Participant: 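I have a structure I would like to understand better, so I am pasting it below and will then ask my questions one at a time.
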Protein chains: 2
Amino acid sequence: MSVQSILDVATEVLLAKPSASLGDVAKAAGVSRTTLHKRYATRHDLLVALSHDAYDRVEKAMTDAQLDVPGSEVEAALERAIAGLIPIGPRIEFMYRQIGLDDVPDLVARYEQTGEPLLRLVRRGQEAGIIRSDMPDWWIVSTLDASFYSAWEAISVGRLAPLDAPALVMKTVMRGIGT
Amino acid sequence: MSVQSILDVATEVLLAKPSASLGDVAKAAGVSRTTLHKRYATRHDLLVALSHDAYDRVEKAMTDAQLDVPGSEVEAALERAIAGLIPIGPRIEFMYRQIGLDDVPDLVARYEQTGEPLLRLVRRGQEAGIIRSDMPDWWIVSTLDASFYSAWEAISVGRLAPLDAPALVMKTVMRGIGT
DNA sequence: ACAGTTCTGAACATGAGTGTTCAGTCGATC
DNA sequence: GATCGACTGAACACTCATGTTCAGAACTGT
C-alpha cells in the first residue's frame, strides 16, 4: 500500500467518521496499525500530513489552471479553476472540516497563501469590469468557494454529474438564480 | 443555568472543538458534570438534544418568515428567511457538521421536512418566473444554503455586519457576481 | 425555621484509543 | 540460498472520557 493510497483512504475514513480510531484507518488502508504508526508517529502527525497533502493538491490545481491571465479571460480561468478543484473535493472538504490544527504554524501559513491566486484573479476580474466591484473581493471568493462546495456535495451524493459541475457553478455564480 | 443556556454553550463548545469532553462542556456551562449527566444521560443523548434544538429553531425561523406567499412576493420572503436564519447561525453550523447521528430516525425525518418550506418557496418562485427554471430546484436551495452559510461565517469572524448580511446574500444569489 | 428538591464535588469502575516494543514472517535483492 | 528491509500480529502500560454512585451543600417555597 503506497503512501498516497494511505492518505487517500485515511481522508475518506476520517471524513466519514472524524472519531475513527487509528485502527479503523489502518484496517481500511489494508495496513497494520504498527506500520501506520511507523509512518505517522501520532494521530496528530497523520492529520497534519493529510492537511499538507490537501494543500499540495489545491496548489497544484491552481497552478495547472493558469490563473495569471489578463482580465478579459477571467471567466475562462475561473471555470478552469473550478474544474480542477472538483476531483479533489474530498481533500478540500477535509481541510474545511478539520478543526483544531490551528497550532501548526505551517498549516496556518499555507491556508493564507493557498487562497491567494484565486483572490488575485477575482481582483483582476473586478478591475476588468467582469466581476462586480460593489462587493468586497473576499466575499466574491467566499461565494465561489461555497458554490464549488455545494457542487462537490451534490456530486458526492450522486445528484450531479461531475462533468456538468463547472458550467453549473459558473452560471450560478456569475449570473445568479434570478431571471 | 437554564436548559436553554446549557444548549447554547454546548453548541458553542462542541463547534469549536468537536472532541471536547463532557467535563469541558459542563465547565463552560457553569454546571457540574453530574448535573449535565442527569439531564442528558449520555454524550449521544446530548448531541441528539442539540440537534433537535437546532431543528426547532430553524423550523421556527421558517414559520416566522411566512414563506407561504404568492409567487410575486417570493423575493421578499426569501430575504425574510435569510434574515431569520442569521441569528441561529451556530445552530445550523452544528447541524451541518454533525456527523454520525444518522442512526436516529427522528433526526433523519426532521432533516427532510425542515428543508421543505424553502424548497416549496423556490418552486413557487420558479413557477412565477422570478427564479430560473433551467436549474433543478434542489440546486437553487443548495445555493441559497451555501450563500447563507458563507455570510454566517463572515459574520462570525467579524468581517460582515449582521444587518448587512440578508441584503448581500440576496443580491449575490439572485443577480450573481458578474456585471 | 423546615422540608423537599436540586446541585455539587469526589470517588470509582469500566472501556477504548494510543503509543511502544518485539519476535516472527514475508519479499525483494544480491 | 543468504541477507536486508519492511510489514505483521500480539502484547503491554498508559491516559483519558465516560457513566455511576453518594453524601453533603445550596437553594426552593411554605
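First the proteins, then the strands, lettered A, B, ... as listed; each starts at 1. What you see is a predicted model; the values in this text were computed from it and never measured.
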Participant: Specify the separation, in whole Å, of atom CG of A:Leu36 and atom C1' of D:dT8.
Facilitator: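 That distance rounds to 13 Å.
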Participant: Please report the distance, rounded to the nearest Å, between CG in B:Leu46 and P in D:dA17.
Facilitator: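 After rounding, the reported distance stands at 16 Å.
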Participant: Quick check on C:dC7: is either OP1 or OP2 less than 4.0 Å from any side-chain nitrogen or oxygen of B:Thr35?
Facilitator: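 For C:dC7, neither OP1 nor OP2 has a side-chain N or O of B:Thr35 closer than 4.0 Å.
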Participant: Do the side chain of A:Ser51 and the main chain of A:Leu47 share a donor and acceptor less than 3.5 angstrom apart?
Facilitator: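 Checked: pair present.
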Participant: B:Tyr40 OH to D:dT18 P: how many Å, rounded?
Facilitator: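 Atom OH in B:Tyr40 sits about 16 Å away from atom P in D:dT18.
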Participant: Roughly how far, to the nearest 0.5 Å, is CZ of B:Arg39 from CG of B:Leu7?
Facilitator: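 Rounded to the nearest 0.5 Å, the CG-CZ separation comes out at 9.0 Å.
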Participant: With 3.5 Å as the limit, what N/O pairs link the protein to nucleotides 16-21 of chain C?
Facilitator:
from	atom 1	to	atom 2	distance (Å)
C:dT18	OP1	A:Arg43	NH1	2.6
C:dT18	OP2	A:Leu22	N	2.8
C:dG19	OP2	A:Arg43	N	3.2
C:dG19	N7	A:Arg33	NH1	3.2
C:dG19	O6	A:Arg33	NH2	3.1

Participant: In this structure, how many angstroms lie between the P atom of D:dG9 and the NZ atom of A:Lys27, rounded?
Facilitator: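 So the two atoms are 12 Å apart, to the nearest Å.
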Participant: At what angle, to 10 degrees, do the two end axes of the helix from C:dA1-D:dT30 to C:dC30-D:dG1 meet, given five pairs define each axis?
Facilitator: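 Taking the rotation axis at each end, their angle is 30°.
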Participant: What pairs with A:Arg110 under salt bridge (charged side-chain N to carboxylate O under 4.0 Å, His left out), at least two apart in sequence or on another chain?
Facilitator: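 Per chain and number, A:Arg110 pairs via salt bridge (charged side-chain N to carboxylate O under 4.0 Å, His left out) with A:Asp56, A:Glu59.
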Participant: Pairs in or reaching into residues 42-54 of chain A: which pass salt bridge (charged side-chain N to carboxylate O under 4.0 Å, His left out), with residues at least two apart or in two chains?
Facilitator: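 Those involving residues 42-54 of chain A are A:Asp53-A:Arg57, A:Asp53-A:Arg91.
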Participant: Please name all residues satisfying salt bridge (charged side-chain N to carboxylate O under 4.0 Å, His left out) with A:Glu153, sequence neighbours left out, ordered by chain then number.
Facilitator: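 With neighbours one apart ignored, the set is empty.
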Participant: With sequence neighbours left out, write down each residue that passes salt bridge (charged side-chain N to carboxylate O under 4.0 Å, His left out) with A:Asp64, or none if nothing qualifies.
Facilitator: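 Once residues adjacent in sequence are excluded, the partners of A:Asp64 under the salt bridge (charged side-chain N to carboxylate O under 4.0 Å, His left out) criterion are A:Lys60.
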Participant: Do you know the tightest heavy-atom contact between A:Phe148 and A:Gly89?
Facilitator: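 Closest heavy-atom pair between A:Phe148 and A:Gly89: CZ-CA, 4.4 Å.
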Participant: Identify the heavy atoms of A:Thr11 and A:Phe94 that sit nearest to each other, and give their distance.
Facilitator: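 For A:Thr11 and A:Phe94, the tightest heavy-atom pair comes out as CG2-CB, 4.0 Å.
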